[in-house]
Amino acid sequence: MEPSTHIAPPAPSAARLIATDGVVKRFGAVTALDGVTLALDAAATGLLGVNGAGKSTLMRILLGLVRPDAGRVEVLGVDAARHRGELRRRLGYMPERDCLPLEMTARDLVVHMAELRGLPRRAAVLRASEVLFQVGLEEERSRLIRTFSTGMRQRTKLAQALVHSPELVVLDEPTNGLDPSGREEMLSLVRRLSSELGIAVMLSSHVLEDVTRTCDAVVVLREGRVVTSGRLDAMEGVADRGLLVRATGDLDRFAAALGARGLAASRGDGGVVVAGAPEDALLDGVRDAAAESGIALRELRPAGPTLEDALVEALG
Amino acid sequence: MSASGPAPGARAADAEIRDVRYDTYAGERRGRRAAVGSLALRGALRSLGARRGWKAKAVPIALVLLAMGPAVIVLGVRALFGDQTGIDLTEALPFSGYQAIIGVIILLFAGITTPELLCPDRRDGTLELYLSTAVSRAEYLAGRVIGALAPLLLVTMVPMLVLYAGILVFEDDPIGYLRENWADLPRIVGAGLVLAVYYGLVGLAVSSLTGRRAFAIGGYLLLLVAPTVLSGLLQEAVGGAEELDLIAFSILPIGFAGHFFPDAAGDIPNTAAQYAAAYLVVVAAAAAVLLHRFRPGGDG
């Protein structure tokens, strides 16, 4: 699917993970969300936008923490405004802001959060051990949170969001403030949630790579509006536009070699645009034609805008 | 080298292999009352310093022990020298006067414990985390109020119950004493609750206004002690206007609770109705502050 600025207005449906219809939220004179309509089914969806685009507001509305001024929101088939209690028991939430009680241990906090979500004491203790192990805090579980690094605090926030076995976990800027290695670890953990542990993920970030590495679909917000949404693999497809080949050598001979293989070659964008076949066949054809014509490849990438180009443009 | 510890067989019996992989939880899920109970229990334990360093525990525990002191001393003297002195426990330390004796301790205990319930959550931003569960602001507040009142009963009610139990033990006819004085039990419970609700709600109301414990303690003491000092000064100035006792906020509930005990009612300057009215005004004001701070969409 091409990145698109046109979103078909779906009716909220129980069949979808998240469905919103014309959601509006204003804070005084500021319109944080302006008619957001979404229909999301992907196991992991990234909410992308610059600071102030409305990501956190949308997440808080999905959790029922903030009431929209207009529009409807269904999460897991439940009306987020009318059944907030039921919904929050099925969701996990990792806030962006500092929110951890500094004078508690990670274990005590996670047990307490499990109890608040309805787990009996014994089950809460067992679940806390499991999720703290999963996020890599089993050794530090008895330390006070005030002694934790930023990365450990982020992992504690993630653990409390997972302890009650949510169907969907909402992660607000999970890599915020992390150093490169901490960020790597957090992104690996987030990817595991949907790919191995079977928990649907909605992640917000203003960092493009966080979304492309961990999510299957993306929603881009700008100034409170959805400017594009869709599955990443569809956005990344090259078959429609072909490949752009930049090379040194005899490009006419290279084009002829491509033509002999049934591929269409045309000059453009400072190189040769190759099209006319599925992605794998295109790559094989370029390799063979380059070898036959003796050119030196300098660059090989999808013709037209890349996923990054499209998303960066959408982000504005 | 000799081996120590349990025998190999015992160790094997105690051993448990636990799979810590992540799994979906499909067990029992309790209602929101359980969540309120969890907030109350954690709050109460935190205010008493549980799972924290000894410094956090020392002051509340010391104050509880001091509150028990009069009962323990009188009962101890009765146990050691009762036969020689012929001490009458009900005369030596009447229930009606107990709370007045330990009034300062109750005041300090509430001042130190109640900020622990709200200030850290406000300072650390933890309220947002709690509200992301199914807990509402009202349920959070209910849990914290219960968590404040329960420890307060350790100083407002339990010492008098200890005294009552001690008297029963030393009575020649405990059943007869119980039959004649059973009415003291609901009076003790009532007096204990009156003080706990008053100091607890005032302490929580002040604490809801700040994330700094020191400010909460200072504000609480100022709010209760300053009018009491003013009341004393005005009484000195105008001479014997007993109604001024009603603005002595630090001892107001003690005067009210004193009316629960018939032997002391005559010694208390104002009527029970006057005390009840003043008590309700203060408690209602504290409750209003709390409800306002934790209203939906509020920043409490």
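- Residues A:Cys99 and B:Gly125 come closest through the heavy atom pair CB-O, 3.4 Å.
- In terms of heavy-atom pairs under 4.5 angstrom with chain B, the leader among A:Arg117, A:Arg67, A:Glu86 is A:Arg117.
- The environment of B:Arg51 atom CZ is sparse: at most 12 non-hydrogen atoms of other residues, nucleotides or ligands sit within 6.0 angstrom.
- Neither the backbone nor the side chain of A:Glu138 comes within less than 4.5 Å of any heavy atom in chain B.
- Residue pairs meeting the ring pair (Phe, Tyr, Trp, His ring centres under 6.0 Å) criterion with at least one partner in residues 100-124 of chain A, sequence neighbours excluded, are A:His112-B:Tyr130.
- The structure places CG of A:Leu116 at 10.0 Å from CG of B:Leu131, a figure rounded to the nearest 0.5 Å.
- Expressed to the nearest 0.5 Å, how far CE of A:Met59 lies from OG of B:Ser132 amounts to 12.5 Å.
- Comparing B:Thr126, B:Leu39, B:Leu41 by heavy-atom pairs within less than 4.5 Å of chain A, the highest count is held by B:Thr126.
- For chain B, the nearby part of A:Leu65 is the side chain; its heavy atoms alone come within less than 4.5 Å.
- A pairwise comparison of heavy atoms in A:Pro101 and B:Asp124 identifies CA-OD2, 3.5 Å as the closest pair.
- Residue contact with chain A, scored on non-hydrogen atoms closer than 4.5 Å, involves the side chain of B:Arg123 exclusively.
- Rounding to the nearest 0.5 Å places CG of A:Leu119 at 8.5 Å from CZ of B:Arg30.
- For a residue to count as touching a neighbouring chain, one of its non-hydrogen atoms must lie under 4.5 Å from one of that chain's; by this rule A:Arg97 touches chain B with the side chain only.
- Summarising the local packing, CZ of B:Arg33 is surrounded by 12 or fewer heavy atoms from other residues, nucleotides or ligands at distances under 6.0 Å.
- The two residues A:Arg88 and B:Ala134 make their nearest non-hydrogen contact at CB-N, 4.1 Å.
- The shortest non-hydrogen separation linking B:Tyr25 to A:Ser165 is N-OG, 2.9 Å.
- A 6.0 Å sphere centred on CZ of A:Arg143 holds more than 12 heavy atoms belonging to other residues, nucleotides or ligands.
- Interatomic distance, CG of A:Leu63 versus OG1 of B:Thr133, reported as 11.0 Å (0.5 Å rounding).
- Taking the charged nitrogens against the carboxylate oxygens, B:Glu128 and A:Arg60 do have a contact shorter than 4.0 Å, which makes a salt bridge.
- By the neighbour-count criterion of 12 heavy atoms within 6.0 Å, atom CG of A:Asp69 is densely surrounded, having more than that number from other residues, nucleotides or ligands.
- Put simply, of A:Lys157, A:Met104, A:Arg121, the one with the most heavy-atom pairs under 4.5 Å next to chain B is A:Arg121.
- Taken from CG in B:Leu129 to CE in A:Met94, the straight-line distance is 10.5 Å, to the nearest 0.5 Å.
- More than 12 heavy-atom neighbours from other residues, nucleotides or ligands sit within 6.0 angstrom of CZ on B:Arg29.
- Between A:Glu103 and B:Arg46, none of the side-chain N atoms (NZ, or NE/NH1/NH2) sits under 4.0 Å from a carboxylate O, so this pair counts as no salt bridge.
- Annotation for B:Ser38 and A:Glu115: closest pair OG-OE1, 2.9 Å, computed over non-hydrogen atoms.
- Of all non-hydrogen atoms in B:Arg42 and A:Val111, the two that sit nearest each other are NH2-CG1, 3.4 Å.
- Heavy atoms from other residues, nucleotides or ligands lying under 6.0 Å from CZ of A:Arg89 number more than 12.
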